[in-house]
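Below, read A as the first sequence line, B as the second, and so on, with proteins coming before strands; counting in each chain starts at 1.
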2 protein chains.
Amino acid sequence: MAEEKLHEAIDAMKNSGVRITPQRHAILEHLIQSMSHPTADEIYKSLEGKFPNMSVATVYNNLRVFKEIGLVKELTYGDSSSRFDCVTTDHYHIICDDCGKIVDFHYPGLDEVETLAEQVTGFRVGDHRMEIYGKCPDCQKSKH
Amino acid sequence: MAEEKLHEAIDAMKNSGVRITPQRHAILEHLIQSMSHPTADEIYKSLEGKFPNMSVATVYNNLRVFKEIGLVKELTYGDSSSRFDCVTTDHYHIICDDCGKIVDFHYPGLDEVETLAEQVTGFRVGDHRMEIYGKCPDCQKSKH
DNA sequence: ACACTATTTATAAACATTACAAAGTAAGAA
DNA sequence: TTCTTACTTTGTAATGTTTATAAATAGTGT
């Protein structure tokens with residue numbers, strides 16, 4: 001499953017003429033395997049073991065490359081640092097206001113919204129993002 | 001119209017026990033009158049004339065206060081700096097991938113999505129945000 | 001294996017945002 | 001009105017993320 005996605009991603013890179021380096025391989029693998037939505041720094045730290053000499057710049061560079069190919073999406077919430085999410089299936093995120101937990105949330109998609117937006121604004125729409133905010137079950141229990 | 005909104009905002013501040021300073025008044029006024037979605041720095045610069053001694057910190061401090069009262073929303077896109085939007089009526093934003101222009105876009109709201117999200121994830125939902133991305137009419141013409 | 005070019009690395013720089021302490025001021029009480 | 005107190009502002013320094021740069025390195029097609 002994860003193997004499969006990794007191969008697909010590598011194929012996408014080949015098709016885009018992007019070189020496959022060990023660092024890129026590892027960053028992608030981490031993004032696919034980790035169920036979380038890591039920051040650039042978290043990725044950097046978690047690969048320190050395998051790549052003691054890897055630079056933070058490499059992480060940022062490659063996340064940008066992945067974004068440009070469309071393999072990865074950047075999530076900019078209120079916090080200081082961006083989070084990165086492997087684009088696999090269409091899904092949205094629901095975020096806890098208290099503890100910051102991010103949970104994937106599948107929804108049919110909002111094609112009608114995109115269509116209406118095109119008509120109203122004259123834009124040619126390519127994409128959209130949505131996040132839902134609330135209080136996760138754990139934080140609801142600990143009502144302080 | 002703008003006058004009215006300003007008064008409402010000031011009342012909201014009074015009710016929350018937040019002091020009304022000239023700086024806060026000016027920042028709010030600017031946010032309401034400007035049809036754009038300014039960054040903290042843009043607000044700071046545009047008030048240089050009236051408040052030559054105002055600190056950037058004041059702008060940030062007060063934007064945080066306004067956010068806490070619910071008068072203002074912070075918009076974090078891919079760019080480096082956040083943008084701030086006066087909460088008036090429910091609306092979404094459509095953003096040009098090329099030139100970064102932000103256009104307001106009214107839509108009935110996505111209550112069903114919130115409801116479904118509650119059921120699926122167990123969160124208690126409070127809010128959501130959505131942005132649509134595309135190419136604005138101007139940038140469509142100048143096909144480079 | 002070679003050559004060409006993209007990529008990595010290390011470091012410094014840029015940038016937005018926050019922290020802090022001292023000076024100033026809004027707002028209610030006397 | 002004046003006083004008092006706690007909240008705000010200011011100026012500056014610090015923090016933290018992200019980008020720029022140049023030299024060293026390593027993929028990839030031939």
*Estimated bend of the helix from C:dA1-D:dT30 to C:dA30-D:dT1 (axis per five terminal pairs, rounded to 10 degrees)*: 40°

*Taking atom types as modelled, is there a side-chain donor on B:Thr58 or B:Gln23 under 3.5 Å from an acceptor on the other?*
no

*Can you check the B:Ile27 CD1 to D:dT9 P distance for me, whole Å?*
7 Å

_Assess whether a salt bridge exists between A:Glu74 and A:Arg83, defined as any Lys/Arg side-chain N lying under 4.0 Å from an Asp/Glu carboxylate O._
no

*Quick one: on DNA chain C, does B:Ser80 or B:Thr21 contact a more 5' nucleotide (nearest heavy atom)?*
B:Ser80

*Between the side chains of B:Tyr133 and B:His93, does any donor sit under 3.5 Å from an acceptor?*
no

*Would you classify A:Thr39 as touching base, sugar-phosphate or nothing, given that sugar-phosphate means primed atoms plus P, OP1 and OP2, and contacts are heavy atoms under 4.0 Å?*
nothing

*Whole angstrom is fine here: how far is it from NZ in A:Lys14 over to C1' in D:dG29?*
13 Å

*asked:* Please report the interatomic distance CD(B:Glu48) to CG(B:Asn53), rounded to the nearest 0.5 Å.
replied: 10.5 Å

*Under 4.0 Å from any heavy atom of chain B: name the first and the last nucleotide of DNA chain C that qualifies, 5' to 3'.*
C:dA16 to C:dA27

_Carboxylate-amine/guanidinium contact B:Asp85 B:Lys67, below 4.0 Å_ = no

_What's the closest nucleotide to the side chain of A:Ile20 if the choices are D:dT9, D:dT28, D:dA6?_
D:dT28

*Which of residues 48-69 of chain B have a heavy atom under 4.0 Å from DNA chain C?*
B:Ala57, B:Tyr60

*asked:* With a 4.0 Å limit, can you tell me whether B:Arg24 has a side-chain N or O closer than that to the phosphate oxygens OP1/OP2 of D:dT8?
replied: yes

*Tell me yes or no: between the side chains of A:Tyr77 and A:His37, is some donor less than 3.5 Å from an acceptor?*
no

_Ignoring hydrogens and geometry beyond distance, is a side-chain donor-acceptor pair present between A:Glu114 and A:His128 at under 3.5 Å?_
yes

*B:Val125 versus B:Ala117, closest heavy-atom pair with distance*: CG2-CB, 4.4 Å

*Apply the side chain to side chain contact (heavy atoms under 4.5 Å, CB included) test between A:Tyr92 and each candidate in A:His106, A:Met130, A:Arg129, A:Glu131; give the one that qualifies.*
A:Met130

*asked:* If you apply the rule salt bridge (Lys or Arg N to Asp or Glu O under 4.0 Å), what do you find for B:Asp97 with A:Arg124, and how did you get there?
replied: CA-CA 10 Å; B:Asp97 289 325; A:Arg124 191 187 307 146; over 6 Å; no

*Within the side chain of B:Thr121, is there an N or O that forms a donor-acceptor pair under 3.5 Å with the backbone of B:Phe123?*
yes

